[in-house]
Amino acid sequence: MQIHRWIFLPSLARSVGARVLLALALNFWSSAPNAQAELKLSDAQARNLGVRVTHPIAIRTDLTLPYPVQIVIPTQQLWVVSAPVAGMVANLLVGRGDRASAGQPLVTLESPSFVSQQRDYLHAIAQELLASQQLKRNIDLFEGKAVPQRVLEASQAEARQAALVVAERRQMLHLSGMSDDGISRLAQEAAISATLTVNAPQTASVVEVTVSPGQRLEQSAPLVKLARLSPLWAEIAVPAANIRAIRTGAKVEIEGYSTPGKVVLVSETIDPATQTILVRAEIPNDGELHPGQTAAARIGFLSAGESAWEIPYSGLVRRGEQTSVFVAIAGGFRLVPVKLVAEDQDHVVVSGPITDQDQIAIGGMSALRGMLSGLGQ
């Protein structure tokens with residue numbers, strides 16, 4: 001936000017005369033215990049001291065100054081589709097940026113390993129059939145007292161083992177991406193295919209394709225990255241000095257985007273290089289936000305009904321933990337305590353007993369502060 005409505009008091013060159021005026025001005029200092037400090041200063045003296053003033057600008061009473069933000073995909077909404085078996089990429093059926101529906105084909109692979117899995121499944125079915133037939137015969141023989149019980153029990157164990165192998169081989173085909181219908185057709189027709197289609201596990205957007213046709217892959221090699229793009233995360237770098245005003249659940253507005261979000265994380269660690277703390281917000285996305293995008297965000301920080309004012313950074317007076325501003329009054333300036341809410345390299349946001357009709361000193365600050373220091377303030 002640009003500060004406007006500057007009011008300039010013409011500045012004269014620094015001179016011995018100006019220093020004399022500063023000394024004279026100190027004689028007009030008046031203060032009382034527990035009262036706001038006042039500097040008695042005429043317009044001519046202020047001009048010679050280079051004092052410049054501006055009106056504070058009322059800003060949104062619930063939002064900070066803008067902070068840099070990057071839009072990212074929440075980790076729980078990102079999936080990597082991998083090759084279920086070793087093989088070669090035969091065809092890519094989607095591209096980066098496409099919208100894929102649940103079950104939609106993404107990639108086709110040609111795989112000798114997939115051929116082996118189908119063969120093993122058919123072999124397991126044949127073994128289960130033999131074991132089942134043998135068990136049926138042994139049951140008939142046992143009932144006719146032609147075989148001992150141990151033979152029957154051995155046949156029962158072999159039949160159970162054969163059924164387990166069939167279930168195992170079927171599950172491996174499932175893990176390779178073969179559907180129940182495809183497995184049933186394989187069992188009925190014994191038609192082994194060397195081509196395997198890898199499908200989307202759920203509806204999502206394709207954010208990256210990591211393979212190309214003809215590429216040979218090992219099992220579990222990444223094929224396609226999918227993501228659900230609403231909501232998104234806004235990762236905000238907040239100066240450590242301003243973090244106390246921000247809480248989880250606070251409203252977040254992205255500049256140029258109409259739908260607000262909310263803070264879901266205020267990090268407990270600080271970036272040593274930038275002295276900023278990560279604040280993460282969750283933002284509903286209707287298609288206007290894009291992962292990787294950079295923007296500016298304002299975060300809610302003040303309670304309802306509290307006024308906030310933006311002034312140039314140069315207008316803030318710091319004395320230890322206290323922050324104040326010089327407010328112009330008839331015949332001088334009054335030092336008014338304010339609460340520092342947010343700051344950047346150009347501006348600060350404060351709250352306190354000032355209005356947009358007041359004039360805040362933003363130039364000649366060294367002279368005004370020097371008058372305070374000269375009297376031990």
Side-chain angles (χ1 to χ4, degrees), residues 79-94 100-204 206 209-226:
W79 303 274
V80 177
V81 179
S82 301
V85 293
M88 183 187 74
V89 178
N91 195 15
L92 287 174
L93 305 175
V94 293
S101 302
Q104 178 179 331
L106 302 174
V107 181
T108 56
L109 301 174
E110 292 181 355
S111 171
S113 299
F114 185 51
V115 171
S116 298
Q117 288 182 0
Q118 295 171 85
R119 180 202 62 205
D120 292 343
Y121 177 64
L122 293 175
H123 178 72
I125 290 177
Q127 292 299 111
E128 182 188 32
L129 179 60
L130 287 175
S132 177
Q133 291 173 345
Q134 184 63 47
L135 175 61
K136 183 178 180 180
R137 284 194 297 269
N138 285 339
I139 290 174
D140 292 339
L141 291 173
F142 177 75
E143 289 176 351
K145 301 186 184 302
V147 296
Q149 184 174 350
R150 60 182 176 80
V151 173
L152 175 62
E153 292 173 348
S155 294
Q156 291 171 334
E158 289 174 0
R160 284 195 298 270
Q161 182 62 31
L164 289 174
V165 173
V166 169
E168 176 191 7
R169 302 302 183 190
R170 183 182 182 89
Q171 187 61 33
M172 291 186 68
L173 290 175
H174 264 304
L175 293 175
S176 295
M178 201 170 191
S179 66
D180 287 332
D181 290 342
I183 293 174
S184 297
R185 285 196 301 271
L186 174 64
Q188 294 169 5
E189 302 171 6
I192 295 177
S193 173
T195 301
L196 170 65
T197 301
V198 181
N199 301 318
Q202 55 186 290
T203 300
V206 179
V209 177
T210 60
V211 295
S212 56
Q215 183 176 346
R216 294 190 176 276
L217 306 169
E218 297 296 327
Q219 185 177 7
S220 299
L223 300 172
V224 175
K225 289 184 181 179
L226 301 174

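Just so you know, residue 1 is the first one in the sequence shown, and it goes up from there.
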How close do [X] and [Y] get, counting heavy atoms only, and between which atoms?
X	Y	answer
Val80	Pro222	CG1-CB, 3.7 Å
Leu135	Ala159	CD2-CB, 3.9 Å
Gln219	Pro84	NE2-O, 3.0 Å
Ala100	Leu106	CB-CD2, 4.1 Å
Ile139	Leu152	CG1-CD1, 3.5 Å
Gln117	Ser176	OE1-OG, 2.5 Å

Nearest-0.5 Å distance that lies between atom [atom1] in [X] and atom [atom2] in [Y]:
X	Y	atom1	atom2	answer
Arg150	Asn138	CZ	CG	11.0 Å
Gln133	Glu128	CD	CD	11.0 Å
Lys136	Gln134	NZ	CD	12.5 Å
Arg137	Ser132	CZ	OG	10.0 Å
Glu168	Asp120	CD	CG	9.5 Å

Inset, instruction - Using a cut-off of 6.0 Å, state whether more than 12 heavy atoms not belonging to His174 lie near its atom NE2. - result: yes
Inset, instruction - Count the heavy atoms belonging to other residues, nucleotides or ligands that lie under 6.0 Å from CE of Met88, then report whether that count exceeds 12. - result: yes
Would you say the side chain of [Y] lies within less than 4.5 Å of the side chain of [X], judging by non-hydrogen atoms?
X	Y	answer
Gln104	Val94	yes
Arg169	Leu173	no
Leu122	Gln118	no
Leu223	Val209	no
Met178	Phe114	yes
Ser212	Val89	no
Leu226	Pro201	yes

Could you give the side-chain donor-acceptor pairs of residues 182-196 under 3.5 Å, partners two or more places apart or in another chain?
{"unit_1": "Ser184", "atom_1": "OG", "unit_2": "Asp180", "atom_2": "O", "d": "3.0"}
{"unit_1": "Ser193", "atom_1": "OG", "unit_2": "Thr195", "atom_2": "N", "d": "3.1"}
{"unit_1": "Ser193", "atom_1": "OG", "unit_2": "Thr195", "atom_2": "O", "d": "3.3"}

Inset, instruction - State which residues pass side-chain contact (heavy atoms from CB on, under 4.5 Å) with Ser113; sequence neighbours excluded, sorted by chain then number. - result: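 Residues passing side-chain contact (heavy atoms from CB on, under 4.5 Å) with Ser113: Val85, Ala86, Ser111.
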Inset, instruction - Check for a donor-acceptor pair, side chain of Thr108 on one end and backbone N or O of Asn91 on the other, with a separation under 3.5 Å. - result: yes
